[in-house]
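For reference, the structure discussed in these notes is given below.
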Amino acid sequence: MEDKKDKTSQEAVSAETSKKAKGERKDRRCSGNRSRKPRKESSWKPSDFVVAKVEGKKRFHDFNLPDKLMRAIHDLGFEYCTPIQAETIEPALAGLDIIGKAQTGTGKTAAFLVGIITDLLDYKLEDDQRLREPRALIIAPTRELALQIASDAEGLCKYTKLKVVSLVGGMDYDKQRAQLKSGVVDILVATPGRLIDFVRSKDVDLYNVEVLVLDEADRMLSMGFIPDVRTIIRNTPRKGEERQTLLYSATFTDDIMNLARQWTKDPVQIEIEAQQRSSENISQQVFLVSSSEKYKLLRNYIRVNNIERVIVFGNRRHETRDLAERLKKDGVKAALMSGEIPQNKRVKTLEDFRNGKIEVLVATDVAGRGIHIDGVTHVVNYQLPEDADDYVHRIGRTGRAGTEGTSICFACENDSFMIPDIEAETGVKLECIHPSEELLADLDGAEKKPRRSRKPKADQQDAATEQNADVESGEPVVEAAAVEVAEVVEQPEPSVEVATDEPQAVAEADANAQPEVAPETVEAAPSDQAQEAQEAQEAQEAQEAQEAQEAQEAQEAQEAQEAQEAQEAQEAESSAEAESNTSDAEAAAAKSAQLELLEEKDEKKADNV
């Protein structure tokens, strides 16, 4: 009994000692104990990084950052702070909680990483740091965003000894656990689900987290991650003096703001909201084109403009998959990025895209937020997004951090009605134009000879008929866009009928329509290419018919064979039953004969007696 009491007493003392040790470490965030350690001089000096002062702009030199961090910033080519960086770095260095709102692509990631790295370098631990206990925790809603943040953190920590580890789903769990055990972790970047797994298995201890960052908080709310985030926050120190909390996102709803106030203490609220949701350094155009001509327009646009790095967005997985496969078959260095792709392959695809091994990245909106890939000059909306807010995030993949970018949209009879919603969301009047003949040239002869005069083609007429090119609309603005789209769809009739209540609009549409083709041209014999295409199509149809007939014959033969086997089995069963009945009859007759013989013997015995 006494041994049990001693053991209990020792455990209590041990727990109290551990708690005090952890409490001392957490108390370092208190304002009274926060004092920056003297910095060691390095061979590289900020004087080697010369950036001229410009009125109205802040330099990274103005924040008294550590030399090792400044050297990494110099290597990355950063000179002046973006608005969100200029407004948030200073309060972050002062240890204040922050709620930051800014457009996508304005440098939010670098804003909170600069503050975190400076704190970790200046406020070093007096005791040895324990394994499994990160000092800074960054939570992101998607694997791609978490890996991107970790990559950016490693770039800024290049000349320090700080260790960055990422924990995301879809990756090898054991490898991530081995990373945690290989040494102390300073900055941990994770998605909510995978982080909870490691916390529950006690491979990660969040008791001594000094800085907590929630990035893309609005998307975490929309994706249903808030219960997981609450669980994670309950495992961290209390907000305020024991934990600094930073929240960043491109958008904030009332629900997000309420959550932010629950998780922060006396936060500094910073909003960097441009008058236009989309950046002024991104040129935006809309090509009015039929759906059957989109692929031809995409190929020619990439070729004519010599584009080496472009992201093409679609709305559905199967549509993006088909587009990527078609591009690869035509010799284009293309790859697919969607939710159905395994995580390890997605990581390799993004790396190949960064390195230039892939020129065209065909993606769903899984890649639409938070992915920063340098050198993306163009974004193509192969299909207009169903949600206008997704358009802002899509085009934010280009023109990042002040660089120039181009956004192109292909609006057809199926999605042109989204144009007014996008204009209302972005505050920009989109330039709607018709593609030039060069951009609509046949792909086979696009690089060999110039485009000949356009002629009605049977396949285009059929496509236009099947897809019902006349756009039905209920609003005047959408109706005007539908008129322009209907003009570009070739019809066998010389005029285009548009569903509208205003005869004057129809007259203007006919006046602005392209010149009609002369009857002689319409009645002319089809070109060699059209004839070859028709012959190829007929040959393909004949082959498909032959294959269908062979399949039907094979099926009939199989059915006949199965019927014959069933008949033979039935006959065998009947024969077996007949043989069985014969054997039973013979046995009965033999038994009857034996009984008769016994009876005769008995009768003879009786007579003798």
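Listed here is the closest heavy atom pair of Ala388 and Met418: N-CE, 4.1 Å. For the pair Cys157 and Ile187, the tightest heavy-atom approach, listed with the atom from each and the gap, is SG-CD1, 4.2 Å. Nearest heavy atoms, Tyr207 versus Pro237: O-CG, 3.0 Å. Closest approach of Ile117 and Ala153 over heavy atoms only: CD1-O, 4.4 Å. Summarising the geometry of Lys265 relative to Gly240, their closest heavy-atom pair is CD-CA, 3.9 Å, with the distance given to 0.1 Å. Across every non-hydrogen atom of Gly399 and Ile282, the tightest pair is CA-CG1, 4.1 Å.
Residues Arg59 and Glu79 are not paired through a salt bridge, judged by the lack of any N-O separation under 4.0 Å between the basic side chain and the carboxylate. Under the 4.0 Å criterion applied to side-chain N and carboxylate O atoms, Glu351 and Arg354 are assigned as salt-bridge partners. Using a 4.0 Å cut-off between a side-chain N of Lys or Arg and a carboxylate O of Asp or Glu, Asp75 and Lys158 qualify as a salt bridge. The pair Glu308-Lys333 does not meet the salt-bridge criterion, since no charged nitrogen lies less than 4.0 angstrom from a carboxylate oxygen.
The closest side-chain heavy-atom distance from Asn208 to Arg130 is below 4.5 Å. Ile307 is not listed as a side-chain neighbour of Val360, based on a closest heavy-atom distance of 4.5 Å or more. Side-chain contact between His74 and Trp44 is present, with heavy atoms from C-beta onward closer than 4.5 Å. Taking the side chain as every heavy atom from C-beta outward, Phe313 and Pro385 never approach each other to under 4.5 Å. Counting heavy atoms from C-beta outward, Leu361 and Leu350 have side chains that approach closer than 4.5 Å. Thr377 places none of its side-chain heavy atoms less than 4.5 Å from the side chain of Thr406. Looking only at side-chain heavy atoms (C-beta outward), His378 and Thr398 stay at 4.5 Å or farther from each other. Residues Glu359 and Ile302 are not in side-chain contact: their nearest non-hydrogen atoms beyond the backbone lie 4.5 Å or more apart.
Of the possible donor and acceptor atoms, one in the side chain of Gln176 sits under 3.5 Å from a partner among the backbone N and O of Val168. A donor-acceptor pair is defined here as one N or O able to donate and one able to accept, closer than 3.5 Å; such a pair exists between the side chain of His61 and the backbone of Phe49. Side-chain N or O atoms of Asn315 include one that pairs as donor or acceptor with a backbone N or O of Leu384 at under 3.5 Å. Here the side chain of Asp205 pairs no donor or acceptor atom with the backbone of Glu133 at under 3.5 angstrom. One N or O on the side chain of Thr118 and one on the backbone of Val114 form a donor-acceptor pair closer than 3.5 Å. Although no hydrogens or angles enter the test, the distance criterion places a donor-acceptor pair under 3.5 Å between the side chain of Asp97 and the main chain of Thr245.
Atoms CD1 and NZ, on Ile272 and Lys101 in that order, are 11.0 Å from each other to the nearest 0.5 Å. Between atom CD of residue Gln244 and atom CG of residue Leu93 there is a gap of 8.5 Å, rounded to the nearest 0.5 Å. Here CG of Leu180 is found 7.5 Å from NZ of Lys163. Values are rounded to the nearest 0.5 Å. In this structure, the separation between OG1 on Thr191 and CD1 on Ile138 is 13.0 Å, given to the nearest 0.5 Å. Once rounded to the nearest 0.5 Å, the distance linking CG of Leu195 with CZ of Arg200 reads 10.5 Å. Distance check: Arg143 CZ to Ser166 OG gives 12.5 Å after rounding to the nearest 0.5 Å.
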Exercise. Applying side-chain contact (heavy atoms from CB on, under 4.5 Å), run through Leu145 and Arg219 and close with a yes or a no.
Key: CA-CA 12 Å; Leu145 180 56; Arg219 195 173 188 194; over 6 Å; no
**Report entry** Ile196 vs Ile232, side-chain contact (heavy atoms from CB on, under 4.5 Å): CA-CA, chis, key distance, verdict
**Finding:** CA-CA 7 Å; Ile196 288 178; Ile232 293 168; 3.8 Å; yes
Self-check item: Worked verdict on Arg135 versus Leu125 for side-chain contact (heavy atoms from CB on, under 4.5 Å)
Solution: CA-CA 10 Å; Arg135 298 181 62 190; Leu125 298 178; 4.0 Å; yes
Item checked: Derivation of the side-chain contact (heavy atoms from CB on, under 4.5 Å) call for Arg230 and Gln262 -> CA-CA 10 Å; Arg230 290 185 187 276; Gln262 294 176 23; 3.3 Å; yes
Could you please spell out the steps behind the salt bridge (Lys or Arg N to Asp or Glu O under 4.0 Å) verdict for Arg71 and Asp67?
-> CA-CA 6 Å; Arg71 186 177 181 183; Asp67 291 354; over 6 Å; no
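Contacts of Asp152 classified as side-chain contact (heavy atoms from CB on, under 4.5 Å), with partners at least two apart in sequence or in another chain: Thr109, Leu113, Gln148.
Of the options Glu386, Gln284, Glu423, Glu425, a side chain to side chain donor-acceptor pair (under 3.5 Å) to Tyr391 is made by Gln284 and by none of the others.
The side-chain tip of Lys57 points at the ring of Tyr80 from less than 6.0 angstrom away and within 45° of straight on.
Heavy atoms of other residues, nucleotides or ligands lying less than 6.0 angstrom from CD of Glu90 number 12 at most. Residue Gln285 qualifies as enclosed at atom CD: its count of foreign heavy atoms under 6.0 Å is above 12. The number of heavy atoms from other shown groups lying within 6.0 Å of CG (Asp254) does not exceed 12.
Relative ring orientation between Phe198 and Tyr173 is described as parallel, the plane-to-plane angle staying below 30° on a 0-90° scale split at 30° and 60°.
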